**Q** 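Below you'll find the structure I mean.
Not measured: the values here are computed from a predicted model.
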Amino acid sequence: MSVRRMSAGLMAAALLTPGAAACAATGDGTAGATATPSATATAPDADAAPATDLKQALLDSTREISNGNFRFRMSGAGSTAEGQVHQPSQSAELRVRIGEPGDDLAMTLDLVHARPDSWVKLDLSGAAADGVPGRDKLNLGKYQHLDQNRIRGNRNIGFDFDRVDPAGSELLTQAVTEVRVTGDGAYAGTIDVSKAAEAGSLDQDLITVLGAQANSVPFTATTDAQGRLTELVLQLPAAGETAAQEIRVTYHDYGNATAAQKPSADQVVEAPPELYNLFD
């Protein structure tokens with residue numbers, strides 16, 4: 001098992017390569033109550049709306065996410081990511097769990113971003129954990145202060161406050177190729193994921209493996225009473241040696257996220273080169 005392969009795309013939701021951004025958020029992943037939203041979307045009439053209106057309704061459902069005040073959960077292929085983003089304080093807390101009990105190698109990351117600083121606490125487990133390159137210098141179990149020059153643009157351990165949605169649901173809905181209403185606030189259809197490669201819940205290597213199948217990946221989506229996205233599920237088909245897999249993203253507590261809790265100084269050390277090498 002390759003550590004590099006495991007760590008690729010940590011801001012993704014754990015596709016072929018487990019990767020996700022997440023946080024120690026409270027809640028059970030269901031849609032929560034919120035303060036008055038800055039924008040809401042109105043669900044179209046299922047009998048009268050053409051496909052273009054339905055796609056626009058999905059695009060509108062992601063509008064509140066861009067305001068950067070929500071909690072989320074992503075899951076797929078034995079990995080999970082839970083977290084919150086709080087744009088008012090320019091902060092985010094992220095917890096990533098890669099792998100399952102009994103795996104040769106499993107990884108947990110607690111990421112805290114509070115502009116202009118970032119920290120990560122890394123823990124490894126499994127029979128192969130001792131073989132991770134530079135393990136003895138990784139300061140396991142301690143918060144490690146990250147050099148912004150080293151993590152800028154890094155989808156593994158960086159965070160972009162100009163693109164606050166770890167899953168990239170707006171990019172995914174822009175790539176919808178077919179959509180229909182299946183119930184109150186419920187949609188289904190297909191997405192051309194090759195046109196959404198920058199979405200955090202996807203990995204370019206997996207898109208390449210999918211080949212032509214990437215052009216028509218089944219999805220379902222649900223929205224709340226205010227028309228805001230609460231769940232997006234992709235059903236990725238099997239391809240080559242890669243088994244079929246489900247990517248599930250949920251959003252809740254719109255408007256109710258809180259500022260990230262920075263680690264205290266006595267918990268922090270500077271991140272060594274070995275840590276950056278692990279996630280490059």
Side-chain angles (χ1 to χ4, degrees), residues 3-4 6-14 17-27 68-74 79-99 101 105-126 128-167 200 253 256-280:
V3 174
R4 179 176 293 276
M6 282 192 69
S7 64
L10 279 175
M11 294 306 288
T17 53
C23 97
T26 58
N69 194 329
F70 59 88
R71 292 186 172 95
F72 69 95
R73 187 178 192 273
M74 301 191 288
S79 298
T80 61
E82 298 179 87
Q84 68 172 356
V85 177
H86 191 248
Q87 185 74 288
S89 64
Q90 293 278 277
S91 68
E93 291 180 279
L94 317 166
R95 166 158 283 190
V96 184
R97 296 183 181 92
I98 300 171
L105 181 60
M107 182 184 299
T108 300
L109 297 98
D110 288 287
L111 286 147
V112 179
H113 300 282
R115 256 182 174 174
D117 294 298
S118 297
W119 302 264
V120 62
K121 182 169 68 172
L122 171 67
D123 286 292
L124 302 172
S125 62
D130 288 342
V132 172
R135 182 185 185 281
D136 58 334
K137 297 181 180 179
L138 289 177
N139 300 311
L140 298 180
K142 295 182 179 180
Y143 278 99
Q144 303 181 64
H145 185 252
L146 299 170
D147 182 346
Q148 295 299 313
N149 292 323
R150 296 290 301 271
I151 67 171
R152 188 174 294 112
N154 188 316
R155 291 179 63 179
N156 296 338
I157 53 178
F159 191 85
D160 186 351
F161 282 97
D162 293 323
R163 300 175 63 180
V164 295
D165 181 9
D253 281 352
N256 291 328
T258 57
Q261 296 298 306
K262 303 177 184 179
S264 60
D266 62 347
Q267 295 179 295
V268 175
V269 296
E270 287 298 318
E274 288 78 9
L275 182 105
Y276 300 107
N277 293 340
L278 189 63
F279 297 110
D280 282 341

**Q** Check for a donor-acceptor pair, side chain of E274 on one end and backbone N or O of P133 on the other, with a separation under 3.5 Å.
**A**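 Side chain of E274 to backbone of P133: no pair is present.
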
**Q** Check whether R71 reaches the backbone of N256 with its side chain - one donor and one acceptor, N or O, closer than 3.5 Å.
**A**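 Indeed, once roles are kept as given, a pair shorter than 3.5 Å links the two residues.
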
**Q** Quick one: are D165 and F72 in side-chain contact, heavy atoms under 4.5 Å?
**A**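 A side-chain contact under 4.5 Å is absent here.
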
**Q** Using the side-chain contact (heavy atoms from CB on, under 4.5 Å) rule, take L138 and L124 through it: C-alpha gap first, then chi angles, then the decisive distance, then the call.
**A** CA-CA 10 Å; L138 289 177; L124 302 172; 4.3 Å; yes

**Q** With sequence neighbours left out, what residues match K142 under salt bridge (Lys or Arg N to Asp or Glu O under 4.0 Å)?
**A**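 K142: no salt bridge (Lys or Arg N to Asp or Glu O under 4.0 Å) contacts found.
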
**Q** Taking the side chain as every heavy atom from C-beta outward, state whether N139 and P272 have any atom pair closer than 4.5 Å.
**A**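 Answer yes - side chains close enough.
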
**Q** Just jot down the salt bridge (Lys or Arg N to Asp or Glu O under 4.0 Å) partners of D130, sequence neighbours excluded, or say none.
**A**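 Here the qualifying residues are R135.
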
**Q** Which heavy atom in P88 sits nearest to a heavy atom in N69, and how many Å separate them?
**A**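 Looking at all heavy atoms of both residues, the closest pair is CG-ND2, 4.0 Å.
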
**Q** Indicate yes or no: at least one non-hydrogen side-chain atom of R97 is less than 4.5 angstrom from one of T108.
**A**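 Yes, their side chains come closer than 4.5 Å.
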
**Q** Which atom names give the shortest non-hydrogen contact between S89 and H86, and what distance separates them?
**A**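 Scanning both residues completely, I find the closest heavy atoms to be OG-ND1, 2.6 Å.
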
**Q** To the nearest 0.5 Å, tell me how far N156 CG sits from I151 CD1.
**A**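 One finds 10.5 Å between CG of N156 and CD1 of I151.
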
**Q** Calculate, to the nearest 0.5 Å, the distance between atoms CG and OH belonging to N149 and Y276 respectively.
**A**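 N149 CG to Y276 OH: 9.5 Å, rounded to 0.5 Å.
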
**Q** What distance do N277 atom CG and K137 atom NZ have between them, rounded to the nearest 0.5 Å?
**A**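 That separation rounds to 10.5 Å.
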
**Q** Apply salt bridge (Lys or Arg N to Asp or Glu O under 4.0 Å) to R163 and list each qualifying residue two or more places apart in sequence or on a separate chain.
**A**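 So R163 forms no salt bridge (Lys or Arg N to Asp or Glu O under 4.0 Å) with any residue.
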
**Q** Check for a donor-acceptor pair, side chain of Q84 on one end and backbone N or O of T258 on the other, with a separation under 3.5 Å.
**A**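 Flag set: sc Q84 to bb T258 pair under 3.5 Å.
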
**Q** What closest approach, in Å, do A260 and A92 show between heavy atoms, and which atom pair accounts for it?
**A**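 Heavy atoms only, the tightest pair is CB-O, 3.8 Å.
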
**Q** Got F279 and V120 here, is their nearest side-chain heavy-atom distance under 4.5 Å?
**A**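 Side-chain contact under 4.5 Å: no.
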
**Q** Working to the nearest 0.5 Å, report the span between OG of S91 and CD of Q261.
**A**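 Atom-to-atom, S91:OG and Q261:CD are 9.0 Å apart.
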
**Q** Applying side-chain contact (heavy atoms from CB on, under 4.5 Å) to L275 and Q144, what does each step give before you reach the verdict?
**A** CA-CA 9 Å; L275 182 105; Q144 303 181 64; 3.6 Å; yes

**Q** Take W119 and V268 through the side-chain contact (heavy atoms from CB on, under 4.5 Å) test and state the conclusion after the steps.
**A** CA-CA 8 Å; W119 302 264; V268 175; 3.9 Å; yes

**Q** Please report the interatomic distance CZ(R152) to CG(N154), rounded to the nearest 0.5 Å.
**A**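 Here the interatomic distance stands at 11.5 Å.
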
**Q** Go through L109 and I98 one step at a time and tell me if the side-chain contact (heavy atoms from CB on, under 4.5 Å) criterion holds.
**A** CA-CA 9 Å; L109 297 98; I98 300 171; 4.3 Å; yes

**Q** Any donor-acceptor pair under 3.5 Å linking the side chain of Y143 with the backbone of V112?
**A**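 Flag not set: sc Y143 to bb V112 has no pair under 3.5 Å.
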
**Q** Using 0.5 Å steps for rounding, measure from the CD atom of Q148 to the NE2 atom of H113.
**A**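 The distance works out to 8.0 Å.
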
